[in-house]
Chemist: 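Sharing a structure with you now.
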Amino acid sequence: MTPTFKNRDMIYNAVLILIILFLRSDVLSKRNDTIRSNVENRNSNLAWLLIVIMAALRKPIDGTDVWGYMLQYNDMFNTSILDALNNERTNDYIGYFFTSKLFSLTGLSYHWWFGFIEALYVLALKSFVDKFSKDKLFSILVFVTCGLFSFSLAGLKQAMSMALMLFSFVRFIDKKYINSVLFFIYAYLCHPVSIVFLVAFPLYYLRNNTRFVFYIASGTILLYVFGLTIMKNLVSLMEMEHFEMYLSEDRSYSYVTFIFYIVIVALSCLKYGKYKAFDSNEARMVLGFSLLTCGLQLLAGFSPTMFRLAYFYSPFLMILLPNATNYAQKEEKTLVRTALIISIVFFYLYTMRNTSYPYSFFWQ
């Protein structure tokens with residue numbers, strides 16, 4: 001029997017996950033620390049490269065945002081820089097369309113443009129993972145299974161903005177403040193909703209407070225209670241009618257993803273104590289921002305579009321899961337990480353089985 005469109009999508013996703021798990025197994029098989037570190041760097045780079053290639057080779061499906069991105073990029077070949085920037089369509093995303101126009105001057109097809117956006121996001125995530133993660137391939141697996149990879153294939157403007165915002169945050173941590181500000185401005189120009197990540201910068205300096213996680217958890221509850229009011233004020237402040245879609249109340253959202261996030265955070269907390277004992281400031285920051293991810297995901301219960309906001313903080317889940325289990329005894333670490341991996345892979349494949357816009361290569 002020939003595989004159906006959706007079955008092929010499941011196969012591609014399963015193969016990607018199997019490759020990541022194989023690469024991770026290869027790392028774990030090395031006993032020498034130096035060799036293991038070198039193999040981990042090599043294998044994680046291979047996994048990231050595969051993700052970029054998949055992004056570049058995907059097929060735009062009629063009626064989806066990806067199809068629109070393809071048409072917009074193709075239009076750039078016959079549009080001047082001034083005309084590309086001076087119209088209503090580009091006003092809210094001038095950074096994205098300016099970059100798109102410059103890229104079109106290379107004469108490369110939209111596949112290269114898609115790959116470029118994904119590569120930019122991957123480079124940002126790679127710098128973030130390399131800086132914090134104790135298990136890089138586990139972090140990449142979380143990237144795929146928590147929905148970040150799928151979203152990066154569909155939301156190019158926001159993916160570019162998220163990449164630049166993450167660059168800004170890493171530069172901020174490294175005290176390269178001028179670079180951080182420039183990346184932040186560029187991210188905002190690509191997609192103004194990136195302003196939701198602005199709160200991460202002052203919160204970073206509060207991470208050494210012993211009640212940091214409590215404050216984040218309390219703030220998350222308040223965010224749920226007053227979320228729509230906050231968004232209304234934010235949209236009014238930015239004076240952008242486009243973002244009124246975030247205010248359209250719609251209770252049709254399923255809380256499956258939110259529950260998944262909560263369960264994963266709760267499982268990670270089982271071994272969080274040793275992570276906190278090893279590096280309390282980092283542990284509090286990662287757990288706090290992971291809880292904030294859950295809170296923003298919960299706002300989708302008011303308006304499904306708000307799930308996009310959570311993706312700015314979702315990379316912290318990529319750090320929480322491997323790091324919270326890293327300092328346990330070897331047998332415990334293996335058991336807990338295996339349980340986490342099985343859980344997130346099962347959730348991803350289960351929720352992706354009925355996707356309306358499955359992955360397909362452009363030649364299919």
Side-chain angles (χ1 to χ4, degrees), residues 48 51-52 54-56 58 65-66 68-69 92-100 103 113-133 139-140 142-174 179-201 203-204 231 234 238 240 242-243 245-246 257 261 285-286 289-290 292-297 299-300 305-320:
W48 285 127
I51 285 169
V52 172
M54 288 186 67
R58 70 187 181 278
D65 289 345
V66 179
Y69 285 124
D92 294 342
Y93 315 102
I94 192 169
Y96 170 83
F97 283 104
F98 176 71
T99 308
S100 178
F103 193 89
W113 173 239
F114 287 176
F116 171 79
I117 296 293
E118 191 70 23
L120 184 67
Y121 192 32
V122 158
L123 285 174
L125 288 168
K126 183 180 182 305
S127 67
F128 184 67
V129 167
D130 288 350
K131 189 175 188 65
F132 292 110
S133 179
S139 293
I140 297 173
V142 176
F143 166 72
V144 173
T145 56
C146 79
L148 278 171
F149 176 49
S150 297
F151 180 75
S152 70
L153 296 177
L156 267 64
K157 291 193 291 288
Q158 185 169 329
M160 187 172 179
S161 181
M162 292 190 299
L164 295 166
M165 192 58 75
L166 203 53
F167 276 130
S168 176
F169 186 70
V170 172
R171 298 300 186 277
F172 181 79
I173 292 174
D174 292 339
N179 286 340
S180 177
V181 170
L182 292 176
F183 275 120
F184 183 90
I185 293 172
Y186 201 175
Y188 180 81
L189 292 175
C190 287
H191 204 306
V193 78
S194 61
I195 200 171
V196 72
F197 196 73
L198 182 61
V199 71
F201 294 85
L203 285 178
Y204 173 76
M231 284 301 301
L234 190 60
M238 293 191 297
M240 293 179 180
H242 170 77
F243 294 99
M245 66 179 181
Y246 289 91
T257 301
Y261 283 178
M285 176 190 71
V286 172
F289 287 163
S290 295
L292 192 53
T293 302
C294 297
L296 289 169
Q297 184 67 40
L299 287 180
T305 311
M306 286 193 183
F307 80 91
R308 292 169 171 264
L309 306 181
Y311 284 137
F312 281 95
Y313 291 90
S314 295
F316 288 95
L317 292 173
M318 296 169 59
I319 307 302
L320 178 65

Chemist: Taking C-beta and beyond as the side chain, do Leu153 and Val66 meet within less than 4.5 Å on heavy atoms?
Modeler: no
Chemist: Looking only at atom types and distance, does a side-chain atom of Ser139 sit under 3.5 Å from a main-chain N or O of Val129, one as donor and one as acceptor?
Modeler: no
Chemist: For a 4.5 angstrom cut-off between non-hydrogen side-chain atoms, does Trp48 reach Leu125?
Modeler: yes
Chemist: State, to 0.1 Å, how close Cys190 and Leu164 come at their nearest heavy-atom pair, and which atoms those are.
Modeler: SG-CD1, 3.7 Å
Chemist: Can you tell if the side chain of Met162 reaches within under 4.5 Å of the side chain of Phe197, non-hydrogen atoms only?
Modeler: no
Chemist: Roughly how far, to the nearest 0.5 Å, is the CE atom of Met160 from the OH atom of Tyr93?
Modeler: 14.0 Å
Chemist: Between the main-chain N or O of Ala124 and the side-chain N or O of Ser127, is there a donor-acceptor pair closer than 3.5 Å?
Modeler: yes
Chemist: Please report whether the ring centroid of His191 lies less than 6.0 Å from that of Tyr96.
Modeler: no
Chemist: Measure across Phe289 and Tyr204 and return the closest heavy-atom pair with its distance rounded to 0.1 Å.
Modeler: CZ-N, 4.4 Å
Chemist: Would you say that Ser161 contacts Val193 through its side chain, given a criterion of any heavy-atom pair below 4.5 Å between the two side chains?
Modeler: no
Chemist: With a 4.5 Å heavy-atom cut-off, do Met285 and Phe132 have their side chains touching?
Modeler: yes
Chemist: Side chains of Asn179 and Phe172: closer than 4.5 Å at any heavy-atom pair?
Modeler: no
Chemist: Do Phe151 and Ser314 come close enough that some side-chain heavy atom pair is under 4.5 Å?
Modeler: no
Chemist: Which residue in the set Phe183, Phe184, Phe201, Tyr313 passes ring pair (Phe, Tyr, Trp, His ring centres under 6.0 Å) when paired with Phe169?
Modeler: Phe201
Chemist: With a 4.5 Å limit on heavy-atom distance, are the side chains of Ile140 and Met318 in contact?
Modeler: no
Chemist: Passes side chain to side chain donor-acceptor pair (under 3.5 Å), Tyr186 versus Thr99? Steps please.
Modeler: CA-CA 10 Å; Tyr186 201 175; Thr99 308; 2.4 Å; yes
Chemist: On the six-membered ring of Phe114, is Arg58 placed so that its NZ or CZ lies under 6.0 angstrom from the centre and within 45° of the ring axis?
Modeler: yes
Chemist: When rounded to the nearest 0.5 angstrom, what is the spacing between CD in Gln297 and CG in Leu309?
Modeler: 9.5 Å
Chemist: Quick one: does any side-chain atom of Ser290 pair with a main-chain N or O of Val286 as donor and acceptor, under 3.5 Å?
Modeler: yes
Chemist: Show the nearest heavy-atom pair for residues Thr293 and Tyr261, with the distance to one decimal.
Modeler: CG2-CE1, 3.9 Å
Chemist: Where the side chain of Glu118 meets the backbone of Ala56, is there a donor-acceptor pair that is under 3.5 Å apart?
Modeler: no
Chemist: Could you check Lys131 against Asp174 for side-chain contact (heavy atoms from CB on, under 4.5 Å), going step by step and ending with a plain yes or no?
Modeler: CA-CA 10 Å; Lys131 189 175 188 65; Asp174 292 339; 2.6 Å; yes
